Amino acid sequence: MADGSPGGEAKKLTDLKTDLEDYVWSPDGKKIAMVLHDPDYSDSAKTKVRKPYVLDRYQFKADVKGYLEKGSVHLYIYDIATKKLDTLTTGLYDETSPVWSPDGSQLAFVSNRTEDPDKNQNTDIYIIDTRKGATMKQLTTWTGADNNPAWSPDGKKIAYLRSTSSGNFLMYDQPILAVINREGGETTLLSKTLDRPVRNPTWAKDGQSIAVLVQDDRQTYIGRYIFPEGKFAGLTGGNRVFSNLESAPDGNWVAMVSEPQTPGELYAIENGNPRRLTRVQDDFLTPLELATVEGFTSKSKDGAQVSNVLYRPANTPVGKKLPTIFYIHGGPVSQDEFSFDLTRQLLAAGGYAVVAVNYRGSNGRGLDYTKAIYADWGNKEVLDILGAADYVVEKGIADPDRLGIGGWSYGGILTNYTIATDTRFKAAASGAGSSLQLSMYGIDQYANQYENELGTPWKNTDKWLKVSYPFLKADRIKTPTMFMASEKDFNVPVAGSEQMFQALRSLGIPTQLIIYPGQYHGITVPSYQKDRVDRYLQWFDKYLKPKTL
């Protein structure tokens, strides 16, 4: 506390009449920059009956937010002492991600001011004085994504992330570290040749270097660019994952670190050496016997080299073949890393080897690897999953007669693609997935992706039908499959699971449909989170564990 006291009761500062989407304190702690949504008058009727949704936007729905009517989010400045709320920006466009300049005189922020922002991802960095009536100034002009601004300590430059590619659709892209002067002008691209995604740009206290988190083949390490020369140096890494990077005095850093057998803890990074600061997870970990975690590389049928992570249950006898679950990550543009993964640890605790496959489409292996699945879903990814399965069977790790597969989101989608391609899996758990992709157009939030990647259904019907094969060829599926979905999911709507459940039910394949009430794409209710893992284990145990006499 400012008065030196150790804390006390929380104090309400504001009484806002609209949704607060983001806020950030000024450097002197006297003001707060807020991102507020335009007021919604649709629920003001005394009858408490909501007026009908009136929708005319291209992007008319989004997970969690629901149906999207007209209305934007804008920047405001709240003065703590006077309790006065000043409007900084107005109009038809959103202004998000505000960051205070070191002297508190300006905000850098992000906005897409194209004619129809719903149809592209062309965001730019702007700055504005922190006073009522100020005029915003556009700094960047790249026809792609510019975001995550970070002021230099002297306030003269802004580091930010810029997409590698330009264009309307950037899912398979990776961000580059860029720097621009406060006044605008030429942009310096620091990590363009790295060919790895970077995030969390953070200036050193002396302004002489910029650190970033680099995702690289199952790791996320800290790299540092000397400024302005642009020389790159890895600061610290290893088979672990760094996150939440912050600068500290004397050229040091602070970050969260997660390792395969340790959830996130705070570390100081001094002269490149991590030193653990906290032990908040010790009480949680002490009574547990955790799976051992190792990496392996498999070769797919077409020759692709794929990086994977293997979890073996604690106290596994040497040479014992285990029932094995392939738990597939979502995204698809993400990666399984050497970090603590509670779901896979719980599955391993049930007596299973667990395999995480960084199939093509994942990041951390370069832009070409990520883009390999563009408009060709359920092909190379399935080859990579099957290649990893061949490896663990050949090495005597997995029992070939007791293989299971599952995942959530794109992991659920790939579960459907895989069981429609190969019958080796004896049980599957497909969460928040879809198969009849043609039917997803207009009911989920991905219209812009679909039209840019696959084209419109009425012009490219054959392509849409090709990526819909798990449903259209459902009679090839022999795997008992549990489908799981969230009732209010607008990301991958429940219809995707309902359709596959109905198909397998009609075909006589053992199946079950689990729907979590009131949940969005991510399950947030703790009892539902527990229920999901319990059901995974019950389903896999039923089909993968040998029957005892």
Side-chain angles (χ1 to χ4, degrees), residues 217-218 294-311 322-337 341 343-344 347-348 352-365 369-374 376-395 397-435 437 466-467 469-470 473 476-483 500 536 539-540 543-544:
D217 197 5
R218 295 165 290 186
E294 61 192 88
F296 71 93
T297 301
S298 59
K299 187 175 181 179
S300 301
K301 189 176 181 180
D302 61 359
Q305 299 288 319
V306 180
S307 299
N308 312 290
V309 183
L310 170 67
Y311 295 71
L322 295 168
T324 301
I325 298 170
F326 288 75
Y327 194 81
I328 309 302
H329 74 70
V333 184
S334 63
Q335 69 166 350
D336 286 315
E337 301 176 308
D341 189 306
T343 297
R344 292 187 176 95
L347 293 176
Y352 294 94
V354 183
V355 179
V357 183
N358 283 314
Y359 51 85
R360 277 168 285 184
S362 305
N363 62 13
R365 293 280 302 281
Y369 192 89
T370 300
K371 288 185 172 181
I373 67 169
Y374 187 92
D376 187 26
W377 310 335
N379 178 16
K380 296 182 179 71
E381 314 99 298
V382 174
L383 292 180
D384 296 343
I385 292 168
L386 297 179
D390 290 339
Y391 177 95
V392 292
V393 169
E394 178 188 335
K395 296 296 182 182
I397 298 165
D399 182 339
D401 296 321
R402 294 190 288 160
L403 300 179
I405 187 170
W408 196 264
S409 193
Y410 201 75
I413 292 171
L414 283 183
T415 296
N416 299 344
Y417 279 126
T418 304
I419 61 176
T421 302
D422 195 290
T423 58
R424 74 180 71 183
F425 296 96
K426 302 302 189 291
S430 172
S434 62
S435 292
Q437 310 306 351
K466 181 181 178 182
V467 299
Y469 74 77
K473 297 179 180 179
R476 293 182 177 182
I477 298 174
K478 307 303 177 188
T479 305
T481 305
M482 175 176 62
F483 297 96
M500 287 302 290
Y536 283 156
W539 188 260
F540 287 123
Y543 295 100
L544 303 185

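What's counted below: heavy atoms across the whole structure, side chains too, no hydrogens, waters or symmetry copies. Predicted, not measured: the structure shown is a model, and the values here were computed from it. In this chain, residues are counted from 1 in sequence order.
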I need the [X] [atom1] to [Y] [atom2] distance, nearest 0.5 Å.
| X | Y | atom1 | atom2 | answer |
| --- | --- | --- | --- | --- |
| E381 | D376 | CD | CG | 7.0 Å |
| T324 | F540 | OG1 | CZ | 11.0 Å |
| D399 | L544 | CG | CG | 9.0 Å |
| T297 | Y391 | OG1 | OH | 7.5 Å |
| I477 | T421 | CD1 | OG1 | 9.0 Å |
| N379 | Y417 | CG | OH | 10.0 Å |

| query | Are the charged groups of D302 and R360 less than 4.0 angstrom apart, N to O? | reply | yes

| message | One thing to verify: whether D390 and R424 come together as a salt bridge, which I'm taking to mean a side-chain N less than 4.0 angstrom from a carboxylate O. | response | yes

Does [Y] offer a backbone N or O that forms a donor-acceptor pair with the side chain of [X] under 3.5 Å?
| X | Y | result |
| --- | --- | --- |
| Y311 | D341 | no |
| Y359 | H329 | yes |
| E394 | V392 | no |
| N358 | D336 | yes |
| T370 | S362 | yes |

Testing the 3.5 Å rule here: is there a donor-acceptor pair between the side chains of [X] and [Y]?
| X | Y | result |
| --- | --- | --- |
| Y327 | Y536 | yes |
| D384 | S300 | yes |
| Y543 | T479 | no |

Quick one: closest heavy-atom pair of [X] and [Y], and the distance?
| X | Y | value |
| --- | --- | --- |
| V357 | A388 | CG2-CB, 3.8 Å |
| K426 | P480 | O-CD, 3.2 Å |
| G387 | S298 | O-CB, 3.8 Å |
| L403 | A398 | CD2-CB, 3.9 Å |
| A353 | L310 | CB-CD1, 4.3 Å |

Are [X] and [Y] side-chain neighbours, meaning at least one heavy-atom pair lies under 4.5 Å?
| X | Y | result |
| --- | --- | --- |
| V309 | R344 | no |
| D217 | R365 | yes |
| F425 | T415 | no |

| request: Given side chain to side chain contact (heavy atoms under 4.5 Å, CB included), test F326 with L386 step by step and report yes or no. | output: CA-CA 10 Å; F326 288 75; L386 297 179; over 6 Å; no

